[in-house]
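The structure appears below as structure tokens.
Letters A, B, ... are given to chains in the order of the sequence lines, protein chains preceding strands, and every chain is numbered from 1. Model, not experiment: these values are computed from the prediction.
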There are 2 protein chains.
Amino acid sequence: MKRAKGFLQRIIQAIKRGPLRMTRKRERLLGALLAMDRPVSAAALRDKAGLPESDLVTVYRTLEAFEGVGIIQRIPLEESGCLFELTEPDDHHHHFVCRECHRTERLDLCLAIELEEQARKLGFTQINHLMEVYGLCEDCQPAAASGD
Amino acid sequence: MKRAKGFLQRIIQAIKRGPLRMTRKRERLLGALLAMDRPVSAAALRDKAGLPESDLVTVYRTLEAFEGVGIIQRIPLEESGCLFELTEPDDHHHHFVCRECHRTERLDLCLAIELEEQARKLGFTQINHLMEVYGLCEDCQPAAASGD
DNA sequence: AAGCATAATGAAAACGACTTTCATAACGAA
DNA sequence: TTCGTTATGAAAGTCGTTTTCATTATGCTT
């Protein structure tokens with residue numbers, strides 16, 4: 001639990017500010033997100049929250065709603081799909097992602113300023129960017145030098 | 001046409017080095033890729049190469065084959081899908097991508113060295129990274145201050 | 001030029017992650 | 001408690017991409 005104490009309160013505030021409603025499922029999903037020690041897929045989140053198979057659609061809808069409030073960040077995977085992470089609305093960062101087990105580490109290195117400046121010079125507006133690093137984490141190294 | 005003259009030759013060399021074969025369709029696809037002034041989707045490439053609808057699968061297979069030889073770079077889009085670009089095998093760069101018309105500009109700014117170093121420190125191997133900037137290009141700006 | 005192993009193609013279906021539709025249920029402000 | 005709005009559930013749909021498997025083409029070897 002490496003979260004600030006008021007985090008949950010602020011989240012609920014953020015949600016109630018808009019037209020969103022806090023339902024039992026959303027509470028469970030929020031709880032599961034808070035309890036996660038790493039970004040998760042929608043299906044993994046559903047399972048963590050103890051929701052049935054069929055609630056995957058609710059998970060997606062909830063994540064979308066939370067994303068609109070700025071408390072969910074989406075981490076694209078290399079091939080397809082993405083992971084979701086609970087964040088403070090303006091906490092900009094990227095990730096190291098294990099392409100095997102999807103363990104992620106925070107990456108606080110970013111060229112955001114330069115990227116946006118260059119993009120603006122090219123005439124782009126409404127700029128955002130993607131930066132993720134993929135690899136195999138320590139636990140997922142292929143067994144080396146063995147009989148294999 | 002901003003390609004080096006020997007580019008096509010080198011590509012064909014690279015292809016023949018492996019078990020790949022040069023077929024008429026692959027030649028057409030290669031020609032279309034060379035003629036493109038920007039990265040394209042698989043479907044757009046098929047159309048540019050004058051191949052029928054049903055050849056989309058051939059396009060994907062060809063792109064995969066070419067990617068294996070290192071002459072194709074894949075540019076992920078924000079939502080889903082990706083664009084393909086013909087590149088020299090070791091030409092590392094990223095892109096500015098218009099999320100509306102998919103026009104792209106080259107981005108030669110990268111933190112590759114630092115990213116990989118940090119990732120290695122964390123115990124990651126087989127590292128690669130994704131970095132793309134998305135926005136609306138000049139031509140795709142929403143009409144401002146007009147009657148709308 | 002034939003033969004032949006291997007690679008490429010075509011049609012069709014499968015895939016996976018998500019999104020939509022539409023009817024029903026639940027929320028929460030009044 | 002009423003009521004307008006939002007959330008949910010079931011089921012099907014979407015989109016880009018991949019797989020399967022039978023058929024055809026390529027290009028190295030004679």
List the atom pairs, with distances to 0.1 Å, where a side-chain N or O of residues 43-60 of chain B and a protein N or O form a donor-acceptor pair under 3.5 Å, not counting sequence neighbours.
unit_1, atom_1, unit_2, atom_2, d
B/Arg46, NH1, B/Glu53, O, 3.0
B/Asp55, OD1, B/Lys25, NZ, 3.3
B/Asp55, OD2, B/Lys25, NZ, 2.5

- Message: Could you tell me how far apart B/Arg17 (CZ) and D/dG27 (P) are, to the nearest whole angstrom?
- Response: 16 Å

- Under the salt bridge (charged side-chain N to carboxylate O under 4.0 Å, His left out) rule, what pairs show up with a residue in residues 124-135 of chain A, not counting sequence neighbours? none

- By ring pair (Phe, Tyr, Trp, His ring centres under 6.0 Å), which residues pair with A/His93, not counting sequence neighbours? A/His95

- Which other residues belong to the hydrophobic cluster containing B/Leu136, where Ile, Leu, Val, Met, Phe, Trp and Tyr are joined when side-chain heavy atoms lie under 4.5 Å apart, directly or via other members? none

- Atom-pair distance (CZ on A/Arg61; P on D/dA10), nearest Å: 11 Å

Output side-chain donor-acceptor pairs under 3.5 Å for residues 118-125 of chain B, partner residues at least two apart or in another chain, one line each.
unit_1, atom_1, unit_2, atom_2, d
B/Thr125, OG1, A/Gln141, OE1, 2.7
B/Thr125, OG1, A/Gln141, NE2, 3.3

- Item | side chain to side chain contact (heavy atoms under 4.5 Å, CB included) against A/Cys82, all qualifying residues, sequence neighbours excluded | A/Arg74, A/Phe84

- Message: Around atom CD of A/Glu116, are there more than 12 heavy atoms from other residues, nucleotides or ligands closer than 6.0 Å?
- Response: yes

- Those residues of residues 18-32 of chain B lying under 4.0 Å from DNA chain C by at least one heavy atom: B/Pro19, B/Leu20, B/Arg21, B/Thr23, B/Lys25, B/Arg26

- Note on the structure: Rounded to whole Å, the CG-P distance (A/Leu51 to D/dA7) equals 16 Å

- Item | Other cluster members, B/Leu130 - Ile/Leu/Val/Met/Phe/Trp/Tyr, side-chain contacts below 4.5 Å | A/Ile75, A/Leu77, A/Leu83, A/Val97, A/Leu130, A/Tyr134, B/Ile75, B/Leu77, B/Leu83, B/Val97, B/Tyr134

- Task: Applying salt bridge (Lys or Arg N to Asp or Glu O under 4.0 Å), name anything that partners A/Glu78, two or more places apart in sequence or on another chain.
- Result: A/Arg99

Just the atom pairs and distances: protein N or O near nucleotides 15-18 of chain D's N or O, under 3.5 Å.
unit_1, atom_1, unit_2, atom_2, d
D/dT17, OP1, B/Cys82, N, 3.2
D/dT17, OP2, B/Tyr60, OH, 2.1
D/dT17, O5', B/Tyr60, OH, 3.1

- Message: For a 4.0 angstrom threshold against heavy atoms of chain B, report the outermost contacting nucleotides of DNA chain C in 5' to 3' order.
- Response: C/dA5 to C/dA11

- Could you tell me which residues satisfy salt bridge (Lys or Arg N to Asp or Glu O under 4.0 Å) with A/Arg24, sequence neighbours excluded, listed by chain and number? none

